[in-house]
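We name chains A, B, ... by the order of the sequence lines, and we start the count at 1 in each one.
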Amino acid sequence: MDSLHVTFADGRAVDVRPGIRVVELAASAGAKNLVAAKIDGQLVDLNRVLDKDCTVEWVAPESKDGLEVLRHSTAHLMAQAVQSLFPGTQVTIGPTIDDGFYYDFKSDHVFTPEDLESIEKRMQELAKANLKVTREELPRAEAIELFGKMGEAYKVEIIEGIAADTVSLYRQGDWVDLCRGPHVPSTSAIKAFKLTSIAGAYWRGDSRNPQLQRIYGTGWANKKDLEDYLKRIEEAKLRDHRRLGPALDLFSLHPIAPGSPFFHPKGTIIYNILIQYMRDLYQRYGYSEVVTPLIYKTDLWKTSGHYEAFHDDMFLMNVHDGEYGVKPMNCPGHCYLFGSRKYSYRDLPIRFADFSRLHRFEPSGVLSGLTRVRSFAQDDAHIYCTPEQLDGELEQFVAMTKEVYKVFGFDRIEVTLQTRPEKFLGRIEFWDAAEAGLRRCLERSGFTVEVLPGEGAFYGPKIGFDFRDVLERSWTLATVQIDCAMPERFGLKYVTSDGSEAVPMMLHRAVLGSIERFIAILLEHCAGAFPLWLAPVQLRVLTVTDDHKEYAGKVVEQLKADGWRVEFDGRNEKLGFKIREAQLAKVPYAVVIGEKEVAAATVAPRRRGGENVAPLPVLEFANNLRAEVAQEMGQA
RNA sequence: GCUGGCGUAGCUCAACGGUAGAGCAGCUGAUUUGUAAUCAGCAGGUUGUAGGUUCAAGUCCUAUCGCCAGCUCCA
């Protein structure tokens with residue numbers, strides 16, 4: 001065979017000599033500005049040699065694959081820079097992540113923010129030096145010897161874990177790293193990057209292992225994309241609930257109670273509306289709300305299994321006659337409630353809803369605004385049902401979740417199925433049945449699902465509905481979990497149709513998740529501009545001059561009597577100033593009252609954002625508001 | 001909890017080891033104003049806290065609390 005048949009992505013085909021390198025093929029095909037190629041669907045270096053008929057697809061730096069390659073190569077460039085500046089530093093792993101990359105190092109030197117600047121500078125020099133990036137393959141044993149000689153203990157450990165006979169190395173200049181690749185053909189292809197932060201990270205992600213130093217960076221195809229990204233991050237910070245919440249006077253945090261938010265009057269309005277919204281849904285979905293104790297003797301959690309698994313995360317206290325604990329979750333209490341009387345299969349399902357405040361002693365390092373707190377409430381409920389009712393209950397939960405998220409406009413949901421962890425309670429056959437039930441439910445739900453093996457709770461598998469905050473961090477809001485342990489541990493029974501006793505199925509579920517976390521995500525989702533039905537202040541009545549205060553006062557009373565949350569701004573200020581303040585406070589409507597409105601007995605509403613509504617009588621305005629709320633809540 | 005960074009007025013930020021300052025917010029007064037900032041004046045601080053070094057500490061050191069980024073964990 002003296003020629004190879006190459007087919008391009010656009011359908012064109014050429015015959016080329018065997019042994020041609022991809023980069024030469026690109027040149028002859030007129031393809032420019034490439035970082036890699038896909039041969040038969042597999043991402044490869046441009047220096048790869050062609051030895052058989054194949055299809056070829058070019059990978060531009062801006063493409064998803066291109067950025068992946070580029071960022072990976074940038075991570076290598078960073079590692080090279082770090083090792084040249086700080087001899088003795090060992091490299092470990094350096095993968096790409098969303099928008100960038102990181103590399104974990106073991107070094108006696110402690111990296112500082114100033115170091116990032118010098119590392120960046122060295123990276124730029126190395127990029128400019130246009131070092132050829134070359135791939136070579138080495139037998140496993142030789143690679144182990146090579147990295148062993150270099151003092152790269154972590155790399156040796158990685159290679160020892162690789163099953164293949166040969167491993168691939170990448171060289172650029174005098175620097176070499178173990179890597180699967182592919183990489184850019186030369187360091188000069190790396191044009192736009194920035195090192196962003198330093199953090200600690202455990203080797204292989206295990207806190208029992210040595211802690212490494214991780215340097216994060218972001219990398220892009222060109223300077224403009226980099227600038228755009230940095231700008232996007234800056235803008236996202238403006239939507240951060242930790243900034244917006246206090247600025248809008250919704251909540252605050254004080255060192256006197258770390259991780260335990262104070263909700264101000266305006267934040268409390270939102271808090272209570274969310275709970276009321278769930279209560280209304282509960283009415284429709286057949287839940288029964290209960291109120292249960294906050295503090296229990298620790299025997300409760302010894303029975304449930306939480307004491308052993310959760311001990312360090314609980315607020316415990318010794319009081320007079322023994323050890324008590326503040327509840328970190330509602331389930332054990334609900335089990336007592338369920339067990340306190342005899343239920344028949346005819347009573348099931350029983351759905352106990354509970355908005356109790358929960359306390360968990362989270363490690364100080366994980367506390368963050370409202371997303372990770374030590375004191376919170378959930379729209380929590382536990383469902384006790386027969387095995388036959390399981391699928392129906394799961395289906396109902398998914399329907400409820402979909403209904404809720406539609407109202408809030410949450411569409412970027414990531415659904416995960418989290419299965420049995422290494423440490424678990426209960427019988428394996430329960431777990432298998434439970435996981436099968438969750439899988440059936442998800443298959444019918446239409447969601448794209450990611451399975452996270454071993455990530456389930458210690459008492460059962462779960463489905464998580466995750467959302468991202470403005471900084472792209474993922475948080476679980478809704479969750480449904482099947483309990484494979486607690487009903488049995490608490491000796492729960494119900495009477496079946498044949499008069500015998502059986503252990504009920506138990507589900508844990510929340511739609512909003514923690515109210516605190518939900519408010520955080522909601523706040524960032526709408527950038528503080530809450531929809532009318534949720535806005536803590538829905539209307540602000542503004543006077544043009546003092547002459548209009550009397551009529552405006554009557555309008556305020558009328559609107560309040562009609563159930564609206566109204567503020568009155570009758571200050572001696574210019575209208576423009578008051579409008580500006582209402583706008584900055586993100587009040588949905590500024591209701592302007594001047595001479596014309598007094599004369600015509602109307603109001604002149606201005607929507608948040610600037611749109612003016614034609615003046616109309618107060619009651620008519622209120623009717624329009626009612627219609628707007630109904631539409632927001634999907635009841636129109 | 002671990003690693004690193006940061007704590008100055010209500011907020012955003014200044015201040016070489018040498019008298020803690022500005023803008024906004026607040027208060028007082030003037031101005032009576034039509035859809036995103038009227039003007040003037042006043043007040044505001046044990047520089048997170050506790051030690052230490054120094055003639056002198058917001059600045060240097062130690063401890064501690066909190067916050068931020070990430071890791072481990074998690075609604």
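In this structure, A:E581 places its CD atom 14 Å from C1' of B:U35, rounding to the nearest Å. Computed from coordinates, the A:R571 CZ to B:U32 P distance equals 18 Å when rounded to whole Å. Nucleotide B:U38 holds its C1' atom 14 Å from the CZ atom of A:R580, rounded to whole Å. Distance CD (A:E573) to C1' (B:G26): 13 Å, rounded to an integer number of Å. Atoms CD (A:E550) and C1' (B:U32) sit 17 Å apart, rounded to a whole Å. Whole-Å rounding puts the A:I215 CD1 to B:G4 C1' distance at 11 Å. Whole-Å rounding puts the A:D104 CG to B:G4 P distance at 15 Å. Note: CZ (A:F577) to P (B:C39) measures 10 Å, nearest angstrom.
Within the shown strands, B:G41 is the pairing partner of B:C27 under the Watson-Crick or G-U definition, both distances less than 3.5 Å. Base-pair partner of B:A63: B:U49 (Watson-Crick or G-U wobble, both distances under 3.5 Å). Taking a pair to require two hydrogen-bonding distances under 3.5 Å in either a Watson-Crick or a G-U wobble arrangement, B:C55 pairs with B:G18. Here B:C73 sits opposite no nucleotide as a Watson-Crick or G-U wobble pair (both hydrogen-bonding atom distances under 3.5 Å). Under the Watson-Crick or G-U wobble criterion, with both distances below 3.5 Å, B:G34 has no partner in any strand shown.
A ring pair (Phe, Tyr, Trp, His ring centres under 6.0 Å) with A:F315 holds for exactly one of A:F361, A:Y296, A:W301; it is A:F361.
Contact annotation for A:G576: backbone-only contact, meaning every heavy-atom pair under 4.0 Å involves sugar-phosphate atoms and none involves a base. Among the heavy atoms of the strands, none lies under 4.0 Å from A:E611. If you check every strand for non-hydrogen atoms under 4.0 Å, A:K596 touches a base.
If you take atom P in B:A15 and the same atom in B:A20, they sit 16 Å apart, rounded to whole Å. Comparing B:U53 with B:C61, their P atoms sit 15 Å apart, to the nearest whole Å. Here the separation of B:U28 from B:G34, taken at their C1' atoms, is 27 Å to the nearest Å. Separating the C1' atom of B:G18 from that of B:G48 is a span of 24 Å, rounded to the nearest Å. Separating the P atom of B:C6 from that of B:U59 is a span of 13 Å, rounded to the nearest Å.
Between A:G460 and A:C484, the closest heavy-atom pair is CA-SG, 4.2 Å.
Figure legend: cation-pi geometry between A:K194 and A:Y229 absent, as NZ or CZ is not positioned both under 6.0 Å from the six-membered ring centre and within 45° of its axis.
No side-chain donor from either of A:T92 and A:K106 sits under 3.5 Å from a side-chain acceptor of the other.
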Return a single string for nucleotides 69-75 of chain B, one symbol per nucleotide in 5' to 3' order, where B is base contact, S is sugar-phosphate-only contact and - is none, cutoff 4.0 angstrom on heavy atoms. SBBBBBB
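Side-chain contact between A:E289 and A:F352 is absent, with no heavy-atom pair separated by less than 4.5 Å.
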